Amino acid sequence: MIAALCLIATAHAQTNMLWLNDSCNVRIASATLYSDLPLKDATEKVIEQEIAAWSVDFKVAKSPKGANFRIKLDKNANLGAEGYMLMPNDNRGYTIVAETPAGALYGTYAMLRNINTAASMDMNPQKPAFQVRILNHWDNPDGSVERGYAGRSIWFADGKINFRSDIETYARANASVGINGTVIDNVNADPKVLSSEMLKDIKTVADRLRPYNIKVYLAVNFSSPAALGGLKTSDPLDKDVIDWWQKKVDEIYALIPDFGGFLVKANSEGLPGPMDFGRTHADGANMLAKALKPHNGIVMWRAFVYNPQGGDRAKQAYYEFMPLDGKFDDNVIIQIKNGPVDFQPREPFSPLFGAMKNTQTMAELQITQEYLGYSDHLCYLGTMWKEFMDYPSFHNGKSVVETTLNQKLTAFSAVANTGTMKNWCGYVMAQSNWYAFGRLAWNPNLSARAIAKEWVMQTITKDEKAVNTICDIMMQSREAVTDYMTPLGLHHLMGWSDHWGPEPWTDIPGAREDWLPRYYHKADKIGLGFNRSSKNGGSNAVEQYQEPLRTMYDDPQLCPKELVLWFHHLPWDYYFNDGKTLWQSLNDHYNGGVEQVIKFQKTWQSLKGSVPESIFKEVESKLQVQLDEAQWWRDGCMLYFQTFSNMPLSFTPKYTLEQCKAKLRTKAYVDRQKD
Ligand code: GCW
């Protein structure tokens with residue numbers, strides 16, 4: 001079938017096109033498109049443009065006769081609002097069957113992806129696993145991006161919407177992997193985003209994204225009625241407050257009829273919320289949900305909550321939300337970060353998944369590498385997300401991701417890594433994580449490697465050997481980062497405000513204890529790790545997990561070694577089943593992570609000539625930065641832990657502890673924040 005389409009390899013380099021960059025993709029020699037409906041619908045227009053963009057010679061046909069591409073809209077195809085089915089047709093091409101233009105759009109992208117990755121076409125009906133597949137941008141109206149490492153905001157500049165000319169590239173990229181929603185502003189929300197002036201401009205954004213089946217959502221500040229509306233209170237049970245939100249929601253829908261809804265960070269890290277007025281998360285979420293309901297809007301209410309007085313931070317979301325199970329309206333969904341603390345290189349899954357039996361829940365992942373080396377470290381997150389998603393929750397035999405399916409409302413979200421930098425993500429390799437998130441939101445059963453392969457073949461090269469080599473590096477990359485940053489379940493060892501380099505030693509006078517690394521690593525003369533077991537004064541966070549996980553995590557001999565210091569404080573000379581002491585294991589992991597980066601460098605050199613020169617050079621130079629920072633992490637952490645263990649290192653450090661401490665906020669750090 002593919003041969004019948006007569007594909008041509010091209011060298012048309014375009015910039016900023018992400019995996020849609022046709023410089024390494026093939027093009028269809030001749031495409032004739034027939035669509036059931038006249039091409040009036042904006043989404044159908046996109047389909048036409050898309051096939052045209054991938055074809056050397058493109059025509060629109062007036063009848064199916066002779067057309068090798070056909071869009072067949074069939075209301076009875078049983079494919080749902082976004083599904084599609086690909087079928088071979090008698091003109092040696094493909095017919096895309098769908099119930100809606102959106103389904104046809106996804107079918108078109110799937111067909112082009114299959115052609116470009118030489119994958120065999122799956123002719124079975126395809127439907128997305130989650131209804132809402134959404135990016136969370138942490139972009140602020142002033143144009144800055146919280147934890148963004150790819151320049152400035154793509155949405156805002158100087159307090160206003162920034163009308164970029166290439167927003168369609170962003171939209172294409174998302175649609176091509178099935179992402180259908182975007183929250184354009186930071187969860188640390190500025191009330192200003194709800195101002196009438198801003199909303200009028202957001203309408204324009206929504207209009208431009210709509211043809212790509214992408215809905216706009218907004219993160220809202222819970223005290224907007226007071227801060228923006230001038231009311232005396234933002235109490236969710238106050239009549240004027242309820243009224244204010246209803247009017248605001250109506251105003252939004254008058255401008256944007258398909259507006260998606262709100263994302264809310266409330267009573268978390270200093271943000272306002274219903275608890276400021278003695279109300280609950282459910283009171284707050286339901287009040288907003290009722291305003292949105294008549295318009296089919298939803299509320300994504302975050303479970304990322306913890307306060308310094310609340311005991312073990314890892315336990316707090318569970319304590320706050322479990323009593324509210326079953327109390328949320330049916331257009332509310334609780335958005336839970338994958339781990340119980342905060343997007344660390346490795347965490348156990350949040351025990352809230354599966355535990356809230358009568359509440360709709362969704363996962364929040366982080367594409368931007370806040371804790372994984374920014375956009376400087378090669379760290380493919382497909383493996384990390386699959387580890388989380390496939391983990392057995394032991395709630396009704398479901399994996400973690402399955403606990404968020406089979407709800408009336410289903411969703412899957414991730415914090416975006418986009419910015420104004422030319423390549424969108426600050427590093428070509430970081431684009432793979434945006435791609436992987438979209439693919440997993442559509443189909444959580446895809447393997448991390450299969451996704452990596454697709455991405456490499458559409459972005460870097462189709463040379464089989466090179467594809468395999470790059471996939472090998474990607475597949476090992478997250479473990480390498482975890483090894484040189486936070487192995488064995490260590491977490492939160494990073495720099496105080498920038499979250500960049502190692503800072504296990506930090507002591508900021510007057511700082512919240514749960515923002516300091518020592519709260520998490522608990523290094524002392526005896527050993528290392530956070531005792532979250534049920535024994536010896538542990539926080540007993542293990543009790544929040546289902547059996548047999550509870551028993552397994554509770555015993556250091558049974559606990560998976562990669563999580564052991566998350567759940568246990570172990571002596572430096574503690575022996576694991578593999579015959580190694582804790583100290584030796586730390587040495588091996590920290591140094592092993594650095595060695596792995598050196599291996600990546602060597603392997604990358606072997607690709608010279610088989611990948612585009614610009615990409616070769618970019619990765620080559622980023623790997624050099626990564627190696628240096630891996631050594632910094634290894635040396636900073638191990639030399640600091642050594643001040644407690646007094647045991648010898650089994651590698652030669654590059655830096656002294658003093659040098660590691662002095663490396664903070666160097667010119668390189670400052671440069672990373674610039675456009
Ligand atoms: O990971 C932490 C970040 C904050 C962020 C917060 C959150 C948006 O360091 O910058 O704020 O999580 O997820 O709300």
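It should be emphasised that the depicted structure is a prediction, and the values quoted were computed from it without experimental measurement. Both counts, for ligands and for their atoms, begin at 1 and track the order of listing.
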The criterion is ring-ring contact (aromatic ring centres under 6.0 Å, His included); which residues satisfy it with His137, sequence neighbours excluded?
Trp155, Tyr170
Within 45° of the axis and under 6.0 Å from the centre of the six-membered ring of Phe530, does NZ or CZ of Arg532 qualify?
yes
If you count the non-hydrogen atoms of other residues, nucleotides and ligands that lie under 6.0 Å from NZ in Lys160, is the total more than 12?
no
Anything with a heavy atom under 4.0 Å from ligand 1 counts, so go ahead and list those protein residues by chain and number.
Trp138, Glu146, Arg147, Asn186, Val187, Asn188, Lys265, Glu269, Arg302, Phe304, Lys337, Asp342, Glu370, Tyr371, His499
Please work out which of the three classes, parallel, tilted or perpendicular, describes the rings of Trp138 and Phe343, given edges at 30° and 60°.
tilted
Just to verify, what does Tyr590 make a side-chain hydrogen bond (donor to acceptor under 3.5 Å, both in side chains) with, not counting sequence neighbours?
none
For Tyr545, the ring-ring contact (aromatic ring centres under 6.0 Å, His included) test, sequence neighbours excluded, returns Phe349, Tyr553
